[in-house]
Amino acid sequence: MPAKVAIIGGGGSVGATAAYAILLRKCASEIVLVDLDEAKCKAQVLDLSDAAFLSDTTIRFGTPKEAGQCDIVVITAGAKQRPGETRVDLIDRNKSILESVINSMKPFKKETVLLLVSNPVDVLTFIAQKLSGLPESQVLGSGTFLDSVRLRVELADVLNVAETAVHAYVLGEHGDSQFVAWSAASVGNTPLLNFPAIQKLNRDELANKVKNKAYAIIEAKGATYFGIGAVTALICEAIILDLRHVRPLSHFIPELGVCLSIPAVLGARGVHQTLKPPLTKDEEALLQQSAAEMKKAINKINL
Ligand SMILES: NC(=O)C1=CN([C@@H]2O[C@H](COP(=O)(O)OP(=O)(O)OC[C@H]3O[C@@H](n4cnc5c(N)ncnc54)[C@H](O)[C@@H]3O)[C@@H](O)[C@H]2O)C=CC1
Ligand SMILES: CC(=O)C(=O)O
């Protein structure tokens with residue numbers, strides 16, 4: 001089935017890197033890049049077209065209205081953190097950008113899946129669910145998928161196993177109130193906490209390293225884009241191929257009243273099911289605290 005992916009903000013670092021990763025995965029038939037900065041976006045298309053010989057995917061510049069008719073719309077438009085800024089600090093700037101991009105794309109094709117990547121991704125996912133008119137299950141955010149990848153790499157290194165054998169998730173906000181669900185993590189079938197190397201490990205220190213990785217990269221080079229580009233491509237692939245992968249994605253959690261990341265089944269047309277792992281009392285409290293932070297951020301804006 002041909003699948004069209006639009007990237008709003010495709011002129012920027014995250015949008016263009018996501019396009020590159022999607023191109024290399026060969027999961028889409030066409031990528032449409034859209035950006036307010038038309039000249040830069042067209043230059044990204046030209047540059048990416050030089051790599052298109054590695055793929056069967058075509059790439060072109062497009063309009064917001066064309067994007068609204070694509071199968072997946074990835075939103076990477078917006079301001080990025082300056083060194084020292086939190087993701088939530090971007091809310092005022094990125095809320096108005098999101099409102100304007102959603103209005104410019106409407107009405108969406110009824111099957112369109114909207115994938116939020118711009119920060120603060122959980123709050124923007126919540127706003128996009130309200131504004132887009134699409135079913136909640138079709139509006140999701142990349143959430144803590146990236147943080148969980150960062151965690152898995154660290155744990156695989158400690159245990160000297162393949163990353164794919166590590167089933168461990170960062171849950172909650174893609175931001176400062178995130179936490180690791182240590183009690184639910186495993187390597188193969190063995191609970192992670194059974195490993196002597198993990199019992200000896202300073203787990204708080206490792207969780208903070210994961211949480212602060214983006215800050216460290218932004219401090220040194222101004223932005224992160226390779227990791228999120230790869231994560232975006234895998235999310236698009238799972239939707240296009242209806243792969244039913246389980247990923248920690250930002251989606252609406254009715255009992256919390258906000259969007260944040262809990263593992264979810266991802267396939268055609270978005271989120272199929274939430275798979276909340278059993279959590280300890282302390283981890284449950286951290287989830288509630290993360291939801292409270294999201295509510296605080298949402299209450300500060302006019303919706
Ligand atoms: N969710 C995640 O894990 C990650 C999220 N991000 C977020 O992604 C966003 C983009 O970051 P970068 O690509 O590095 O920034 P960038 O500045 O390189 O690109 C942003 C692009 O958005 C475009 N834009 C602004 N307003 C627009 C509008 N109304 N319509 C269409 N395009 C518009 C700009 O022209 C620019 O090309 C930021 O909010 C950043 O925090 C970045 C990395 C990881
Ligand atoms: C910038 C950002 O959200 C990240 O790299 O995690």
Side-chain angles (χ1 to χ4, degrees), residues 6-21 32-45 47 61-68 73-105 115-125 127-128 140-151 153 170 172-178 209-235 247-250 259-261:
I7 303 180
I8 316 293
S13 309
V14 173
T17 311
Y20 186 53
V32 180
L33 292 193
V34 181
D35 202 294
L36 211 54
D37 187 338
E38 212 176 298
K40 188 167 178 207
C41 191
K42 284 182 171 165
Q44 296 283 27
V45 168
D47 198 5
F61 175 79
T63 63
K65 280 280 178 243
E66 287 171 322
V73 178
V74 182
I75 299 188
T76 68
K80 61 184 171 212
Q81 294 158 267
R82 292 180 284 247
E85 264 186 330
T86 70
R87 295 172 180 85
V88 170
D89 288 338
L90 298 170
I91 186 63
D92 290 329
R93 281 167 277 168
N94 286 352
K95 175 190 169 252
S96 14
I97 290 174
L98 179 64
E99 282 168 345
S100 121
V101 300
I102 287 186
N103 285 333
S104 65
M105 283 187 281
L115 171 61
L116 277 295
V117 171
S118 309
N119 278 314
V121 69
D122 302 285
V123 181
L124 296 186
T125 303
I127 297 172
L140 55 134
S142 58
T144 57
F145 190 171
L146 176 56
D147 311 275
S148 301
V149 167
R150 289 169 174 157
L151 174 69
V153 170
V170 174
E173 177 197 359
H174 172 61
D176 295 350
S177 70
Q178 65 177 236
K209 184 177 176 191
V210 167
K211 180 161 74 179
N212 293 325
K213 189 167 182 182
Y215 287 116
I217 298 170
I218 290 167
E219 185 69 42
K221 64 171 246 186
T224 68
Y225 36 88
F226 290 117
I228 189 60
V231 159
T232 300
L234 275 198
I235 296 174
R247 303 292 191 195
L249 296 166
S250 191
C259 290
L260 45 66
S261 289

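Hydrogens, waters and symmetry mates play no part in the numbers below; they use all other heavy atoms, side chains included. If you're wondering where the values come from, they're calculated on a predicted model, not measured in any experiment. Both counts, for ligands and for their atoms, begin at 1 and track the order of listing.
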Out of curiosity, is Asn119 lining ligand 2, as in a heavy atom under 4.0 Å away?
-> yes

Does a side chain donor of either Asp47 or Tyr20 reach within less than 3.5 Å of an acceptor in the other side chain?
-> no

Here the pair of heavy atoms bringing Ala214 nearest to Arg87 is CB-NH2, 3.3 Å

Ligand 1 versus Ser100, non-hydrogen atoms closer than 4.0 Å: side chain, backbone, both, neither?
-> side chain

Check whether any heavy atom of Gln81 sits under 4.0 Å from an atom of ligand 2.
-> yes

Quick check: does Val34 get an N/O under 3.5 Å from an N/O on ligand 1?
-> no

At their closest point, which heavy atom of Gly229 faces which heavy atom of Ala21, and how far apart are they?
-> O-CB, 3.5 Å

Any idea which protein heavy atom is nearest atom 25 (C) of ligand 1, and the distance to it?
-> Gly78 N, 3.9 Å

Consider every N or O of Asp147 and every N or O of ligand 2, then say whether any pair is closer than 3.5 Å.
-> no

Ligand 1 and Ser13, any nitrogen or oxygen pair closer than 3.5 angstrom?
-> yes

Verify the neighbour count for atom NZ of Lys209: are there more than 12 heavy atoms of other residues, nucleotides or ligands below 6.0 Å?
-> no

Is a side-chain N or O of Thr76 found less than 3.5 angstrom from the main chain of Gly9, in a donor-acceptor match?
-> yes

Provide, to 0.1 Å, the distance between atom 31 (C) of ligand 1 and the closest protein heavy atom, together with that atom's residue and name.
-> Leu36 N, 3.3 Å

For Arg82, look at atom CZ and say whether over 12 heavy atoms of other residues, nucleotides or ligands are found less than 6.0 Å away.
-> no

Stepwise side-chain contact (heavy atoms from CB on, under 4.5 Å) test for Glu173 and Val88 | CA-CA 10 Å; Glu173 177 197 359; Val88 170; 3.6 Å; yes

Considering heavy atoms of the protein only, find what lies nearest to atom 28 (C) of ligand 1 and give residue, atom and distance to 0.1 Å.
-> Val101 CG1, 3.7 Å

Provide, to 0.1 Å, the distance between atom 14 (O) of ligand 1 and the closest protein heavy atom, together with that atom's residue and name.
-> Lys80 CD, 3.5 Å

Going by distance only, is there an N or O of Asn119 that falls short of 3.5 Å from an N or O of ligand 1?
-> yes

Write out the residue and atom name of the closest protein heavy atom to atom 11 (O) of ligand 1, then the distance separating them to 0.1 Å.
-> Val14 CG2, 3.6 Å

Against heavy atoms of Asn94, which atoms of ligand 1 measure under 4.0 Å?
-> 39 (O)

Would a 4.5 Å heavy-atom cut-off, applied to side chains only, mark Ile235 and Leu140 as touching?
-> yes

Close side-chain approach of Val32 to Ile7, heavy-atom, < 4.5 Å | no

Quick one: nearest non-hydrogen protein atom to atom 1 (N) of ligand 1, plus distance?
-> Val117 O, 2.8 Å

Determine, using heavy atoms of Arg150 and all atoms of ligand 2, whether some pair is separated by less than 4.0 Å.
-> yes

Residue pair Leu98 / Leu116, side-chain heavy-atom distance below 4.5 Å = yes

Test item: Ser118 side-chain N/O and Ala77 main-chain N/O as donor-acceptor pair under 3.5 Å | yes

Does the side chain of His174 come under 3.5 Å of the side chain of Asp147 through a donor N or O and an acceptor N or O?
-> yes

Measure Asp35 to ligand 1 on non-hydrogen atoms and call it side chain, backbone, both or neither using the 4.0 Å cut-off.
-> both

Candidates Val231, Ile97, Asp122; heavy atom nearest atom 26 (N) of ligand 1 found on Ile97

Any idea which part of Lys213 is under 4.0 Å from ligand 2, heavy-atom wise: side chain, backbone, both or neither?
-> neither

closest protein heavy atom to atom 9 (C) of ligand 1 is Thr76 O, 3.5 Å

Min side-chain heavy-atom separation Pro120-Leu90 under 4.5 Å = yes

Where's the contact between Ser142 and ligand 1, heavy-atom distance under 4.0 Å: side chain, backbone, both or neither?
-> side chain

Looking at ligand 1, does any of its N/O atoms fall within less than 3.5 Å of an N/O of Thr224?
-> no

Pair Tyr215-Thr86, side-chain contact (heavy atoms from CB on, under 4.5 Å): steps then yes or no = CA-CA 9 Å; Tyr215 287 116; Thr86 70; 3.6 Å; yes

Check whether any side-chain N or O of Thr144 sits under 3.5 Å from a backbone N or O of Val170 as a donor-acceptor pair, and report yes or no.
-> yes

What's the shortest distance from atom 38 (C) of ligand 1 to any protein heavy atom, and which residue and atom give it?
-> Ala79 O, 3.1 Å

Heavy atom of the protein closest to atom 5 (O) of ligand 2 (residue, atom name, distance) = Thr224 OG1, 2.6 Å

Output yes when the distance from some N or O of ligand 1 to some N or O of Leu146 is under 3.5 Å, and no in every other case.
-> no

Under 4.0 Å from any heavy atom of Leu146, which atoms of ligand 2 are there?
-> 4 (C), 5 (O), 6 (O)

Going by the atom numbers of ligand 1, which of them fall below 4.0 Å from some non-hydrogen atom of His174?
-> 1 (N), 2 (C), 3 (O)

Where's the contact between Ser104 and ligand 1, heavy-atom distance under 4.0 Å: side chain, backbone, both or neither?
-> neither

Determine whether any heavy atom of Lys40 lies closer than 4.0 Å to an atom of ligand 1.
-> no

Evaluate the criterion side-chain contact (heavy atoms from CB on, under 4.5 Å) for residue pair Leu124 and Asn119; output intermediate values, then yes/no.
-> CA-CA 7 Å; Leu124 296 186; Asn119 278 314; 5.8 Å; no

Does ligand 2 have any atom sitting under 4.0 Å from a heavy atom of His174?
-> yes

About how many Å separate CD1 of Ile127 and OG of Ser96, when rounded to the nearest 0.5 Å?
-> 9.5 Å

Verify side-chain contact (heavy atoms from CB on, under 4.5 Å) between Met105 and Ile75, making sure each step is shown before the conclusion.
-> CA-CA 11 Å; Met105 283 187 281; Ile75 299 188; 4.1 Å; yes

Nearest non-hydrogen contact to atom 4 (C) of ligand 2 from the set Ala223, Ala216, Ala214, Gly227 belongs to Ala214

May I ask you to check whether Gly12 has an N/O atom sitting below 3.5 Å from an N/O atom of ligand 1?
-> yes

